[in-house]
Amino acid sequence: MIPALALMAGVVLGLVFEPTVPAGLQPYLPIAVVAALDAVFGAIRAHLEGIFDDRVFVVSFVSNVLVAALVVFLGDQLGVGGQLSTGVVVVLGIRIFSNAAAIRRRVFRA
Amino acid sequence: MSLLVDMMTNTLDEAYEERARLRGTPPAPNPLQPSARRGRAVLPVVVLVLLGVVTGTAVAQVRERQEESTGLRADLAAEVRERTAASDQLEARTQALRQDVAQVQVLALGADTTGRRLAEGLTSLGLATGTTPVTGPGLVVTLDNAAADETGSTDSLRPGTAPSSSVQDRDLQGVVNGLWAAGAEAIAINGQRLTALTAIRSAGDAILVDLRPLSPPYVIQAVGSPKDLEVDFMDGPTGRGLTFLTSEYGIVVEVRRAEDLSLPGAAAPQLSAASPASGPAAAATPAPRPSRSGS
């Protein structure tokens, strides 16, 4: 409950204050969001399986975001930024969906 | 292959299980101090707030960019409309001034016989060059793009086929040439009088006549003997070409006679480099600039 509220509060804060992001970082925001979502879904699943660990969550969150941004940055330098962004989104999307499926199985037993 | 399978099956971070194994199952009582534990529990919340802020910022930015682009387009469209209106006003003013000039000319030249002869010469020259507005019977040829449902909606996806269903600049050129050949004495397209210097060409999807973009339907008015014009035009190669355009591409063509057409005059061409050649031809026509022709 509290994590969900925290997420909502963050979204509202971001929408209301619209912090200015350096132009160089702007392409990485969506990728960072997707990577972070992957970490969040993994954490929810781990929580339902009773093996949640806040340290693992924070570390995986930060490293997910950094690695995704790094991969896309490298892609930009090599001229395949668009394709690598797609790759990152596809891989993380698959993980998000399978984690969501696992969560669904645990919650609804279906 | 194993990489893909691994990606599909092991979706949970292995670190969770490792930490759980380290702690031992069932979860052992947390060895940390209560206060430190509380501090650790706050950390995920902070991270989640951070995620929310980043998400909100990204969303806000995408929206802002969209607004910027639509605003820019609206601004450009407004400017185009404004400029077009201003240009139309100037055009109307030019027409009025040209009429004034013609009236004053007739008044000034009407005093004696040489003046009257000059005025007649001016009028016939104006008729020939297309700078004088004319009225008279004639033929009206209307070309319009094929109806959208006839050509199919796939045209936009296949750029190669799209232009064929719309009127092309060379269609208009052909019609105009055919009308001249059939004996037309004055021609205007959508109210743009054609002169010897008028170009009919396309820029992108638009057809330009005398550098002014026209939009369909294209109405070509030709002054001349309606009967002769129609017979000669429709029997000539252009008429057959129009039939082909209709049957093959669905271009809407309408040809009708008109008893009373009134065509505007074109702007007099501004000749900056050309001057009358000296010789018998120059001597036969009144020289516009005696001071120069004498040299």
Side-chain angles (χ1 to χ4, degrees), chain A residues 2-21 25-26 28-43 45-47 49-65 90-92 94-102, chain B residues 1-69 71:
Chain A
I2 292 173
L5 283 180
L7 196 61
M8 298 272 276
V11 170
V12 170
L13 278 179
L15 278 177
V16 169
F17 290 104
E18 289 189 29
T20 46
V21 181
L25 281 180
Q26 277 180 13
Y28 307 113
L29 279 190
I31 295 296
V33 169
V34 174
L37 267 185
D38 174 53
V40 169
F41 273 91
R45 181 178 170 190
H47 176 74
E49 289 179 2
I51 53 173
F52 178 75
D53 185 280
D54 39 17
R55 210 186 99 172
V56 173
F57 169 60
V58 172
V59 171
S60 75
F61 183 97
V62 173
S63 75
N64 251 8
V65 169
V90 167
V91 170
L92 293 179
I94 289 174
R95 273 173 59 119
I96 289 174
F97 268 101
S98 17
N99 273 336
Chain B
M1 202 54 201
S2 65
L3 193 67
L4 285 179
V5 172
D6 191 55
M7 192 177 80
M8 302 289 280
T9 48
N10 294 333
T11 53
L12 187 61
D13 213 318
E14 283 159 18
Y16 284 118
E17 279 173 29
E18 258 171 43
R19 290 282 297 179
R21 230 177 293 128
L22 273 182
R23 282 195 310 242
T25 42
N30 202 298
L32 290 165
Q33 302 294 321
S35 61
R37 215 182 114 62
R38 212 178 302 128
R40 291 261 306 266
V42 167
L43 208 51
V45 172
V46 172
V47 166
L48 280 171
V49 172
L50 206 68
L51 168 61
V53 170
V54 172
T55 311
T57 311
V59 169
Q61 238 154 25
V62 168
R63 280 190 193 163
E64 203 178 316
R65 228 174 292 152
Q66 272 173 350
E67 273 167 26
E68 265 172 24
S69 65

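A, B, ... follow the sequence lines: proteins, then strands. Residue 1 opens every chain.
The greatest number of non-hydrogen atom pairs below 4.5 Å with chain B, out of A:V91, A:L29, A:V56, A:V11, is found for A:V56. Between chain B and the options A:A46, A:A36, A:S60, heavy-atom pairs under 4.5 Å are most frequent for A:A46. When A:N99, A:V59, A:D38, A:L37 are compared by the number of non-hydrogen pairs under 4.5 Å with chain B, A:N99 comes out ahead.
Looking at A:N64, its side chain does come within 3.5 Å of a backbone N or O of A:A35 through a donor-acceptor pair.
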Sequence neighbours excluded and cut-off under 3.5 Å, please list the side-chain donor-acceptor pairs for residues 49-57 of chain B, or say none.
{"residue": "B:T55", "atom": "OG1", "partner": "B:L51", "partner atom": "O", "Å": "2.7"}
{"residue": "B:T57", "atom": "OG1", "partner": "B:V53", "partner atom": "O", "Å": "2.6"}

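The parts of A:A43 that come within reach of chain B are both its backbone and its side chain, each placing non-hydrogen atoms under 4.5 angstrom from that chain. With a 4.5 angstrom heavy-atom cutoff, A:F61 touches chain B only via side-chain atoms. Residue contact with chain A, scored on non-hydrogen atoms closer than 4.5 Å, involves the backbone and the side chain of B:E17 alike. Contact of A:F52 with chain B is made through backbone and side chain together, with heavy-atom distances under 4.5 Å.
For the atom pair B:E18 CD and A:D53 CG, the distance stands at 11.5 Å (nearest 0.5 Å).
Looking only at side-chain heavy atoms (C-beta outward), B:R65 and A:Q26 come within less than 4.5 Å of each other. Here the side chains of A:D54 and B:L43 are not in contact, with every heavy-atom distance at 4.5 Å or above. Side-chain contact between A:F41 and A:F97 is absent, with no heavy-atom pair separated by less than 4.5 Å.
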